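Encoded as structure tokens, the structure appears first; notes follow it.
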Amino acid sequence: MVVFGSDQHSIPSAGDNMLYSIGLLYLSASTYSLICATQLAFNAVFSYFINSQKFTALILNSVVVLSLSAALIAVNDDSGGPAGVLRSKYIIGFICTLAASAIYSLLLSLMQLSFQKVLKRETFSVVLEMQIYTSLVATCAALVGLFASGEWKTLHGEMQGFGKGGFAYVNTLVWIAVAWQVCSVGVVGLIFVVSSLFSNVISTLSLAVTPIASVIIFHDAMNGVKIVAMLMAIWGFSSYIYQNYLDDSKARKTRSSVSETRNDSVC
């Protein structure tokens, strides 16, 4: 059942990765990451219809503020795309990234549904199995595409043309793969423990603070709009966390009341 439930997400995951790759090819890093932030809005819709997610004022506030935070930086972004990219390809990159964000959000909701309706086991091994099977199938699909397209022939040239040398090229790819796997386990784990929407809130928060890394690594300009957008992201994230705190406090009070009622009955 684990393999069946995971394979339902594997092929779409491979296609989703391809769409993300096309978007990253034609868009600037900041524009790409901020379009990806729309996945939270998509996830809110899918969670409502697929996972019966209950929306409170705080959760709605979180979704709206985080989405506006990303949109604010996207509107302020003055980098139309990488140098030499045609307008038509920029539009293709935009559409592919937007579609990838929607598909990714749908996959998160389907994963939560799989945990609830198919797997029905509350162990951490279920999280690892979900990640391992989906990653294996998606990797195989990507490798088939790599060799079928003939692009594998250009890998040696890319390695030799890498600014830091061939060893740095391989080292970079390896550690990117490791980092993404760790990230993916965290994403799936949050879906398992809390919900797909909460997992996406965490992901969107990280996207909103990406400009900080851009300033440090790529020396991008940090202006007032980006600062305001990041503060909005923190505000939206705090709203969601506070709602979880309220839900947890309510659940504890309910359990305490039930326990006291049982003790009184015994006496």
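Both backbone and side-chain heavy atoms feed into the values below; hydrogens, waters and symmetry mates do not. What you see is a predicted model, and the numbers here were worked out from it, not measured in a lab.
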Point-to-point distance, once rounded to the nearest 0.5 Å, from [atom1] of [X] to [atom2] of [Y]:
| X | Y | atom1 | atom2 | value |
| --- | --- | --- | --- | --- |
| F115 | S195 | CZ | OG | 12.0 Å |
| L197 | I191 | CG | CD1 | 10.5 Å |
| I22 | K89 | CD1 | NZ | 11.5 Å |
| I92 | L27 | CD1 | CG | 11.0 Å |
| I95 | Y90 | CD1 | OH | 11.5 Å |
| Q243 | S239 | CD | OG | 9.5 Å |

Heavy-atom closest pair, residues S109 and N43: OG-ND2, 3.1 Å
Minimal non-hydrogen separation, T97 against G23, with atom names: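 Heavy-atom minimum between the residues: OG1-CA, 3.1 Å.
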If hydrophobic clusters are built by linking Ile, Leu, Val, Met, Phe, Trp and Tyr wherever their side-chain heavy atoms come under 4.5 Å apart, do [X] and [Y] end up in the same one?
| X | Y | result |
| --- | --- | --- |
| L173 | L146 | yes |
| Y104 | F49 | yes |
| F198 | F55 | yes |
| V64 | W235 | yes |
| I50 | L60 | yes |

M232 and V228, any side-chain heavy atoms less than 4.5 Å apart: yes
Derivation and outcome, side chain to side chain contact (heavy atoms under 4.5 Å, CB included), residues I59 and Q53: CA-CA 10 Å; I59 291 180; Q53 172 75 45; 4.0 Å; yes
CA sep, side-chain torsions, deciding dist, call: F42, L98, side chain to side chain contact (heavy atoms under 4.5 Å, CB included): CA-CA 10 Å; F42 286 119; L98 193 65; 4.1 Å; yes
Trace of the side chain to side chain contact (heavy atoms under 4.5 Å, CB included) decision for L110 with F46: CA-CA 9 Å; L110 291 177; F46 292 134; over 6 Å; no
Intermediate values then yes/no, side chain to side chain contact (heavy atoms under 4.5 Å, CB included), D16 and Y20: CA-CA 6 Å; D16 194 43; Y20 274 127; 3.3 Å; yes
Pair S196-Q112, side-chain donor/acceptor within less than 3.5 Å: yes
Any donor-acceptor pair under 3.5 Å from S47 side chain to A44 backbone: no
Donor-acceptor under 3.5 Å (S62 side chain, L58 main chain): no
Ring geometry between F162 and Y169 (parallel below 30°, tilted from 30 to 60°, perpendicular above 60°): perpendicular
